[in-house]
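Just so we're on the same page: letters track the sequence lines, and every chain starts at 1. Values reported hereafter were calculated over all heavy atoms of this structure, with side chains retained and with hydrogens, waters and symmetry mates removed. The structure displayed is predicted, hence computed values, not measured ones.
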Amino acid sequence: MIDINLIRENPELVRENIKKKFQDRKLPLVDEVLTLDKRRRELQQEGDSLRAQRNAAAKQIGVLMREGKKDEAEKEKVLSRQLNDRIAQIEEECAQTEVALKKAMSSIPNMIADRVPIGKDDSENVQGKVFLEAKKKPFEVPYHVDILEKLGGIDLDSARRTSGNGFYYLTGDVARLHSAILTYARDFMIDKGFTYCIPPFMIRSEVVSGVMSFEEMEGMMYKIEGEDLYLIGTSEHSMIGRFMGQTLSEGELPQTLTSYSPCFRKEKGSHGIEERGIYRIHQFEKQEMIVICKPEDSEKWYEKLWNYTVELFVSMEIPVRQLICCSGDLADLKYESCDVEAWSPRQGKYFEVGSCSNLTDAQARRLNIKYKNEATGKNEYAHTLNNTVVAPPRMLIAFLENHLREDGSVYIPEVLRKYMGGKTQITPKK
RNA sequence: GCAGAGAUGGCGGAGUGGUCGAACGCGCACGACUCGAAAUCGUGUUACGUAGGAAUACGUACGGGGGUUCGAAUCCCUCUCUCUGCGCCA
């Protein structure tokens, strides 16, 4: 949600931003907001003055009652009741106007960064920097599930029986590798000065509707039967929820947090769960980073964050690139976003393993996350950012494909060995 | 899970139907005193919305939501959370 003052003072800027995102159908929303906003203010003024009258009358009644002038008090009461009827009418209309205003406001996209490339959809995203050489293997790289099966590291048949499609059993060294990657990633972020956090894996509906739209909720969230609780789709949900309605002191910023959680997603719509293997699944685990900072620092943090992910993958000797999200592919809440993509030697292309976003104050405004600006003495909206550190088992696809050797063994990079009991490779089961 | 008690400003803590946005204390800010500081004294100090250049005015908010009333921090319902005791468990 953007600042309504920006629409009041500079609607043309907001319209241009909408055009940049190829959402011309939303252009009328700007005028709609202006009209609703004007009406809302009129209604508030009218309501306020009526309430002021009622408050004065109520005080007067108190005085009359004390003086024992019961008849006069009764007359005042009648007038007060009439006032209350009118107040109720205006409050009703005011509430309706506010709902409509909020709805229109929340459909207007966040202002995007100047440097965001203009493009209509994901086909026009722009490759940024490339890290490590993306090499084809001198032999054919099998589908990741086949690699996993050869290693004795996955049991999808049993998972389908117990839980259905979209689940997995990871076993043996592969399961250990999965944990090793998460543990390594956790320590990597701690070394960068982030605070490790294990959040609740379930959150209330109030928080869910704060952190996502109704449509997103329908498509993603699993509800716990008989409880007002949902399984989180990412730790960002509970991590950002943690700060809802809070005003932090300036000294508490930036909050630099790295959180671990399992993630649960229905994966309704979009690609569904059709993709085989462990690319798109109902349950996975993720190490995440989130930053809450002062407005002037968010661009700097954005750069740092996605580079941390790159550094992590490079340290595991996996080639990656930055893919810069173009204007049309940018979600409405985002100011700027990019994916970190890992190289797939099998497909000969990169695929998404992480996503970094600067939401500026749009998410904070929606969730009422503020900080006290010492200089101005005012409470102002903070900026929020989030980024994937690593999310296995999807990440394992990149890992296995890149570190597979011709003999079917999988190489374990130096940095992970201490989490793998010193092993330098995983070998196929006979 | 059961029973009882409770939730008030940055903190502690009064307030049980009207003049309460909230006593008092602490903290914080500014000023006076001082060579400087402590102590002391004085002044100020919630947030949000609307109008205004501003001073300010009005409105809203005493855990959340709803109700009773001319009027609710105060009464009623409900939800959440905290504390104490019992139960249960990793």
Side-chain angles (χ1 to χ4, degrees), chain A residues 1-9 33-102 104-106 198-211 223-230 237-238 241-253 262 361 364-382:
Chain A
M1 206 184 278
I2 63 169
D3 189 351
I4 195 160
N5 284 311
L6 188 65
I7 302 181
R8 284 180 195 157
E9 287 157 19
V33 164
L34 287 170
T35 310
L36 286 167
D37 178 46
K38 185 161 170 270
R39 182 66 188 143
R40 203 208 104 237
R41 285 192 278 178
E42 285 166 6
L43 286 166
Q44 180 177 346
Q45 281 181 42
E46 200 177 339
D48 281 357
S49 77
L50 286 171
R51 270 188 292 267
Q53 283 179 49
R54 181 191 60 192
N55 290 345
K59 243 174 217 178
Q60 184 59 25
I61 291 169
V63 172
L64 291 171
M65 294 290 273
R66 210 163 315 113
E67 289 171 356
K69 298 175 182 169
K70 274 201 170 168
D71 291 351
E72 283 179 53
E74 285 304 322
K75 273 184 214 160
E76 280 290 331
K77 280 190 192 182
V78 174
L79 290 172
S80 275
R81 274 189 212 110
Q82 288 169 354
L83 268 176
N84 269 339
D85 289 344
R86 284 176 60 202
I87 289 170
Q89 274 173 29
I90 285 166
E91 280 179 348
E92 170 71 21
E93 195 187 340
C94 195
Q96 283 172 9
T97 310
E98 259 167 29
V99 168
L101 181 62
K102 210 173 169 188
M105 280 295 290
S106 59
I198 302 174
F201 301 156
M202 298 183 203
I203 49 175
R204 292 215 172 97
S205 55
E206 181 197 1
V207 180
V208 176
S209 51
V211 296
K223 172 139 180 46
I224 303 297
E225 191 178 347
E227 310 263 341
D228 179 31
L229 285 173
Y230 291 78
H237 295 155
S238 33
R242 185 180 178 201
F243 296 97
M244 274 172 79
Q246 303 290 303
T247 301
L248 300 162
S249 70
E250 201 173 308
E252 288 174 296
L253 296 182
D361 61 357
R365 180 170 290 108
R366 190 171 150 166
L367 299 178
N368 201 21
I369 301 172
K370 295 185 170 182
Y371 77 102
K372 190 170 176 76
N373 184 326
E374 300 293 347
T376 63
K378 291 276 177 202
N379 292 340
E380 293 173 7
Y381 290 108

With a 4.5 Å heavy-atom cut-off, do K102(A) and M1(A) have their side chains touching?
-> yes
Quote, to the nearest angstrom, the P distance that separates rA7(B) from rG44(B).
-> 30 Å
E250(A) CD to rG10(B) P: how many Å, rounded?
-> 17 Å
Quick one: what's the B/S/- string for nucleotides 49-67 of chain B, heavy-atom cutoff under 4.0 Å, read 5' to 3'?
-> BSS------SSS-------
Just to confirm, is there a sub-4.0 Å distance from OP1 or OP2 of rG71(B) to any side-chain nitrogen or oxygen of N84(A)?
-> yes
Base versus backbone protein contacts along nucleotides 73-82 of chain B [heavy-atom cut-off under 4.0 Å; B, S, -] = -------SS-
To the nearest Å, give me how far apart CG (N368(A)) and P (rC48(B)) are.
-> 9 Å
C1'-based separation of rU8(B) from rA61(B) [nearest Å] = 12 Å
Is there a side-chain contact between V33(A) and M105(A), using heavy atoms and a 4.5 Å cut-off?
-> yes
Using the C1' atom in both, what is the distance from rC88(B) to rA3(B), to the nearest Å?
-> 16 Å
Taking the P atom of each, how far is rA47(B) from rA37(B), in whole Å?
-> 29 Å
Rounded interatomic separation in angstrom, taking CG from L64(A) and P from rG17(B) | 20 Å
Where each pair must be Watson-Crick or G-U wobble with both distances under 3.5 Å, what dot-bracket representation of RNA chain B is obtained, with crossing pairs in [ ] and other-strand partners as |?
-> ((((((((.[[[..)..(.....]]]((((((.......))))))((((((....)))))).[[[[[..)....]]]]])))))))....
Assign each of E380(A) and A58(A) to its nearest nucleotide of RNA chain B by heavy atoms, then name whichever residue's nucleotide is nearer the 5' end.
-> A58(A)
Just wondering, do F243(A) and L367(A) contact through their side chains at under 4.5 Å, heavy atoms?
-> no
Scan residues 368-379 of chain A for pairs that pass salt bridge (Lys or Arg N to Asp or Glu O under 4.0 Å), counting only residues two or more places apart or in two chains.
-> none
Basic-acidic side-chain contact under 4.0 Å: K69(A), E67(A) | yes
In whole angstrom, give me the gap between the C1' atoms of rG65(B) and rC70(B).
-> 24 Å
Who are the side chain to side chain contact (heavy atoms under 4.5 Å, CB included) partners of D37(A), not counting sequence neighbours?
-> I4(A), R8(A), R40(A), R41(A), L101(A)
Can you tell if the side chain of M65(A) reaches within under 4.5 Å of the side chain of I61(A), non-hydrogen atoms only?
-> yes
Looking just at side-chain N and O atoms, do E93(A) and Q89(A) make a donor-acceptor pair shorter than 3.5 Å?
-> no
Between rU69(B) atom C1' and I87(A) atom CD1, what is the distance in whole Å?
-> 14 Å
Taking atom P in both rC76(B) and rC41(B), what distance in whole Å separates the two?
-> 43 Å
Can you tell me, in whole Å, how much space there is between the P of rG1(B) and that of rA57(B)?
-> 49 Å
Hey, does N373(A) have a side-chain heavy atom less than 4.5 Å from the side chain of E250(A)?
-> yes
Looking only at heavy atoms, the pair that brings Y381(A) and Y371(A) closest together is O-CE2, 3.7 Å
Could you tell me the separation between the CD atom of Q60(A) and the P atom of rC70(B), rounded to a whole number of Å?
-> 17 Å
Between C1' of rC48(B) and CG of N5(A), the distance in whole Å = 14 Å
Figure out the CE/P separation between M65(A) and rC70(B), and round it to whole Å.
-> 10 Å
Would you kindly compare G62(A) and V78(A) by the position of their nearest RNA chain B nucleotide and give the one closer to the 5′ end?
-> G62(A)
To the nearest Å, give me how far apart CD (E374(A)) and C1' (rC28(B)) are.
-> 11 Å
Are the charged groups of E42(A) and K38(A) less than 4.0 angstrom apart, N to O?
-> yes
What side chain to side chain donor-acceptor pair (under 3.5 Å) pairs are there with at least one residue in residues 76-87 of chain A, not counting sequence neighbours?
-> R54(A)-N84(A)
Hey, is the main chain of G210(A) close enough, under 3.5 Å, to the side chain of R366(A) for a donor-acceptor pair?
-> yes
Please measure how far the P atom in rC24(B) lies from the corresponding atom in rC81(B), and state the result in whole Å.
-> 36 Å
